[in-house]
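Each residue takes its place number in the sequence, starting with 1. Bear in mind that the values here come from a model prediction, so they are computed numbers and not experimental data.
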Amino acid sequence: MTSLWRRARTRLLRRTRAIVHGWRSSMQARVITSALAIGVVAVAVIGTFLSTSIRDGLYDQRVQQLSAESTRASAQVRESFSSSPSTSTADVQALLLQTVARLQGGASSADGAFLLSAGDAASAGLNAVGSPQGLVSLVTPELRDATIDSEHQTWQSVQIPAAYTASGHPEPGVVFGSVVEPPSAGRFGMYLLYSLQPEQDTLRFVQRTLMLGGAAILALVGAITWLVTRQAVTPVRRAAATAARLADGHLSERMPGKGHDEMATLARSFNEMASSLQDQIRRMEDLSTAQRRFVSDVSHELRTPLTTIRMASEVIHASRDELDPAARRSAELLQTQLDRFEELLADLLEISRFDAGAAVLDVEQRDLAGIVAAVVDTATPLAERKGVFLSVELPDQPATADVDPRRVERILRNLVVNAVEHAEGGPVEITVGGDDRAVAVVVRDHGVGMTPQEVAHVFDRFWRADPARARTTGGSGLGLAIALEDARLHAGRLEAWGRPGQGASFRLTLPRRAGIRLEEPPLPLVPEPRGLASVRTGQIPVVNPPTGPTPSAIPDLAELPLEEPADGMEVPR
C-alpha cells in the first residue's frame with residue numbers, strides 16, 4: 001500500500017511539475033489564465049452583488065405586500081369583533097374559531113392563522129385558536145411580547161417545517177402579529193403566517209441564470225483571449241524559432257512577413273537585421289580567414305630569412321671575444337632577440353593551426369607526475385635566479401590520463417614560468433590530484449596577484465596585466481592563449497583566479513578518458529595555505545625560504561624516484 005501511495009504521489013508530482021513548466025514556458029497560457037482568473041473574480045463579485053440585490057429587493061417587496069394584506073385582515077377582524085353580539089364564553093370561543101377559519105379559508109393568502117390570548121383575566125376562560133395547530137410554536141414569545149406591547153403591527157422571519165409544506169422541504173416564511181379584542185374577552189394577539197417560497201423559487205431561478213451567464217461570459221473571455229493572444233504570440237514564436245536557427249548558424253533563415261500591421265513590420269525589420277548580421281558575419285569570416293592566412297604565410301615566409309640571420313648571428317656570436325666591447329654586447333643582444341623572434345614565430349604558427357582547425361592530438365596514456373617533474377626541472381634555473389622556491393605535491397595514486405604529453409607539458413610550463421615571474425620571491429605551489437573521472441594540476445603563487453577584471457582577460461592574446469612590466473624571459477604574449485587552446489583540444493578546462501596581494505592560481509583539469517564529461521574538478525582552484533608537512537611518497541614539501549645564501553646546485557627533479565620517499569628535498573622556485 002505504501003509503495004502504491006509513493007508511486008501515485010510521484011506521478012502526481014511529475015504531472016504537476018509538467019503543468020507548471022508548460023504554464024511558465026507559454027506566454028499564451030499565462031495570459032489566458034490571468035484573463036480567466038480576473039474574469040472569475042469579476043463575475044463572482046458582480047454575481048454576488050446582483051444576487052444579493054435581487055434577494056433583498058424580492059424580500060422587501062413581498063414583506064411590504066404581506067404587511068399591507070395583514071393590516072387589512074386585522075382591520076376586518078376588529079370590525080367583525082366590534083359588530084358581534086356574542087357575550088358568553090362559548091359564543092366568543094365559537095367566534096374565534098370562525099374568524100380563524102375565515103382567515104385561512106379565503107379572507108387572506110395566509111398559510112396559517114392564530115389567535116392567542118394576551119393573558120388578560122377576562123380571557124382566562126377562552127382557549128387559544130390556531131390553524132394549523134402544529135405551527136403555533138412558530139409564534140415565539142419574543143414576537144408575542146412585541147405584539148402585545150406595541151400599538152403597531154410586528155413581524156418576524158421564520159422557517160416553516162417540511163411536514164407543513166406542499167413541497168416536502170422547509171420553506172422560508174414570515175409571521176405578522178397585531179392586537180385584536182374579541183367581545184368580552186380582553187386583548188388577543190392575531191398572527192398570520194405567510195410562505196415566501198415563490199420568492200425563493202424566483203431567486204433561485206435568477207441565481208441559476210446568473211451562474212449560466214457568468215460561465216458563458218468566462219468561456220467567451222477565454223475564447224477571445226486565446227484568439228487575441230494566438231494572433232500576437234504566433235509571430236513571436238516564429239521570431240524565436242528563426243532566432244534560434246540563426247544562432248545555430250543557419251544564417252539564411254528568415255521570418256515570413258505579410259500585410260502591413262505591426263507584426264509584419266516586426267518581421268520585415270527582423271529579416272533586415274538578419275540580413276545585415278549575415279553580411280557582417282560573412283565579412284568578418286572572410287577577414288578572419290585572410291588574417292589567419294596572412295599570419296600563417298608570414299610566419300612561414302619569415303622562417304627562411306630568420307634561418308639565414310640565425311646562421312650569421314651564430315657566427316658573430318661565436319667570435320664575439322674578438323670584437324670590441326660595444327660590438328660584443330650587440331652580438332649578445334642580437335642572439336637574445338633572435339631567440340625571442342623564433343619563439344614568437346613558433347607561437348604564431350601554433351595559433352594559426354588552432355584557428356585553422358588543423359591542430360591534432362598525439363594521445364598516449366601518461367602519468368601527470370612525470371610531466372610535472374619535467375616542467376619543474378626546466379623551470380628550476382629561472383626559479384633559482386628569482387629566489388623562488390618550488391613545491392610539488394603528488395597524489396598517492398597515479399594521475400594517469402589519455403593526453404598529448406607535448407601539449408600538456410607546454411601548458412604546465414607556461415603556468416609555472418608565469419607563476420615564478422610574478423611570485424615576487426614568494427613560494428610557488430604545484431598540486432597534482434585526480435578522481436575517477438578527471439585529473440587536475442593547480443599552480444599557485446603568492447605574488448602580486450590579479451584583479452577579477454584582469455582574470456577575465458588573462459587568456460586573451462597579447463594581453464598583459466601591466467604593459468610597463470618587463471619580460472625577463474622573453475615571452476611572446478601568446479603563451480596562456482595557446483595553453484587555453486591546448487586544454488580545449490583535450491576537452492579539458494583551464495581556469496584562473498587571483499586577488500591583488502594574495503597571488504594567483506591556475507587550474508588545469510583534464511578527463512582521464514576521451515568522452516568523459518567534466519563535472520566537479522578534483523582540486524579546488526584556490527587551495528588553502530599549508531605549512532611544512534610530513535613528506536609522503538613522491539612529494540616535495542613546501543618550505544620557507546632559507547635565511548642563508550641560495551643553493552648553487554639544484555637537484556634534477558626528473559631523477560627523483562616517484563616510488564620512493566624524497567625526504568628533506570627542497571627545491572628553490
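- Side-chain contact between V441 and T431: absent, with no pair of heavy atoms (C-beta onward) separated by less than 4.5 Å.
- Under the 3.5 Å distance criterion, with hydrogens and angles disregarded, a donor-acceptor pair is assigned to the side chains of Q335 and S313.
- Annotation: side chain of L333 is in contact with side chain of R329 (closest heavy-atom distance under 4.5 Å).
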Problem - Residue pair S275, R254: steps toward the side-chain hydrogen bond (donor to acceptor under 3.5 Å, both in side chains) verdict - result: CA-CA 9 Å; S275 300; R254 296 293 183 271; 3.2 Å; yes
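- Here the straight-line distance linking atom CZ of R499 with atom OG of S505 works out to 11.5 Å at 0.5 Å rounding.
- Residues satisfying the salt bridge (Lys or Arg N to Asp or Glu O under 4.0 Å) test with E272, not counting sequence neighbours, are none.
- For R15, the side-chain contact (heavy atoms from CB on, under 4.5 Å) partners at least two apart in sequence or on another chain are R11.
- A distance of 10.5 Å separates NE2 of H21 from OG of S26, quoted to the nearest 0.5 Å.
- Applying the salt bridge (Lys or Arg N to Asp or Glu O under 4.0 Å) criterion to R366, with sequence neighbours excluded, gives E364.
- V455 and M450 get closest at one heavy-atom pair: CG2-CE, 3.7 Å.
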Handout entry: Chi angles and distances behind the side-chain contact (heavy atoms from CB on, under 4.5 Å) call for L518, L510
Key = CA-CA 8 Å; L518 296 180; L510 301 174; over 6 Å; no
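- Between L494 and L415 there is a side-chain heavy-atom pair separated by less than 4.5 Å.
- Listed by chain and number, the residues in a salt bridge (Lys or Arg N to Asp or Glu O under 4.0 Å) with R320 are E332 (sequence neighbours excluded).
- Contact record, D362 with D404: N-OD2, 3.0 Å, taken as the closest heavy-atom pair.
- No donor-acceptor pair under 3.5 Å is formed between the side chain of Q337 and the backbone N or O of L334.
- Sorted by first and then second residue, the side-chain hydrogen bond (donor to acceptor under 3.5 Å, both in side chains) pairs involving residues 513-525 (not counting sequence neighbours) form an empty list.
- Checking side-chain atoms of R512 against main-chain N and O of T400 turns up a donor-acceptor pair under 3.5 Å.
- Partners of V20 under the side-chain contact (heavy atoms from CB on, under 4.5 Å) rule, at least two apart in sequence or in another chain, are T16, R24.
- Between I430 and E393, every side-chain heavy-atom pair lies at or beyond the 4.5 Å cut-off.
- In this structure T33 satisfies the side chain to side chain donor-acceptor pair (under 3.5 Å) test together with W23, sequence neighbours excluded.
- Heavy-atom neighbours of D436 CG from other residues, nucleotides or ligands within 6.0 Å: at or below the threshold of 12.
- Residues that satisfy the side chain to side chain donor-acceptor pair (under 3.5 Å) test with R17, not counting sequence neighbours, are absent from this structure.
- Under the side-chain contact (heavy atoms from CB on, under 4.5 Å) criterion, A239 pairs with M255, not counting sequence neighbours.
- Separating the OG1 atom in T229 from the CD1 atom in I224 is a distance of 11.5 Å, to the nearest 0.5 Å.
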Practice task
Carefully, step by step, assess V442 and F506 under the rule side-chain contact (heavy atoms from CB on, under 4.5 Å).
Solution key: CA-CA 6 Å; V442 175; F506 288 81; over 6 Å; no
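- Residues that satisfy the side-chain contact (heavy atoms from CB on, under 4.5 Å) test with P521, not counting sequence neighbours, are R493, R507, T509.
- With sequence neighbours excluded, no residue forms a side chain to side chain donor-acceptor pair (under 3.5 Å) with T225.
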Practice task
Give the C-alpha distance, both sets of side-chain angles, the deciding distance and a yes or no for side-chain contact (heavy atoms from CB on, under 4.5 Å) between L390 and E429.
Solution key: CA-CA 6 Å; L390 299 174; E429 303 164 3; over 6 Å; no
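- Of all heavy-atom pairs between A267 and P256, the closest is CB-O, 3.9 Å.
- A donor-acceptor distance shorter than 3.5 angstrom exists from the side chain of D367 to the backbone of A399, with no hydrogens or angles considered.
- More than 12 heavy atoms of other shown residues, nucleotides or ligands fall within 6.0 angstrom of atom CD in Q365.
- The structure places CG of N414 at 11.5 Å from CG of L508, a figure rounded to the nearest 0.5 Å.
- Looking at heavy atoms from C-beta onward, R9 lies out of side-chain contact with R6 at the 4.5 angstrom threshold.
- By the 4.5 Å heavy-atom criterion applied to side chains, N418 and E421 are counted as neighbours.
- When all heavy atoms are compared, the tightest approach of A491 to P511 is O-CD, 3.7 Å.
- Inter-residue side-chain proximity for R413 and T378 is flagged as met; some heavy-atom pair is nearer than 4.5 Å.
- Minimum heavy-atom separation, L361 to R407: CD2-CD, 3.6 Å.
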Exercise for the section: Determine, stepwise, if the pair H446 / Q502 fulfils side-chain contact (heavy atoms from CB on, under 4.5 Å). Expected result: CA-CA 6 Å; H446 299 268; Q502 301 180 23; over 6 Å; no
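- Rounded to the nearest 0.5 Å, atoms CG (L368) and CG (L394) are 10.0 Å apart.
- Between atom CZ of residue R282 and atom CG of residue L277 there is a gap of 12.0 Å, rounded to the nearest 0.5 Å.
- A pairwise comparison of heavy atoms in D486 and H490 identifies O-ND1, 2.8 Å as the closest pair.
- Not counting sequence neighbours, the partners of R488 by the salt bridge (Lys or Arg N to Asp or Glu O under 4.0 Å) test are E485.
- R7 is listed as a side-chain neighbour of L4, based on a closest heavy-atom distance under 4.5 Å.
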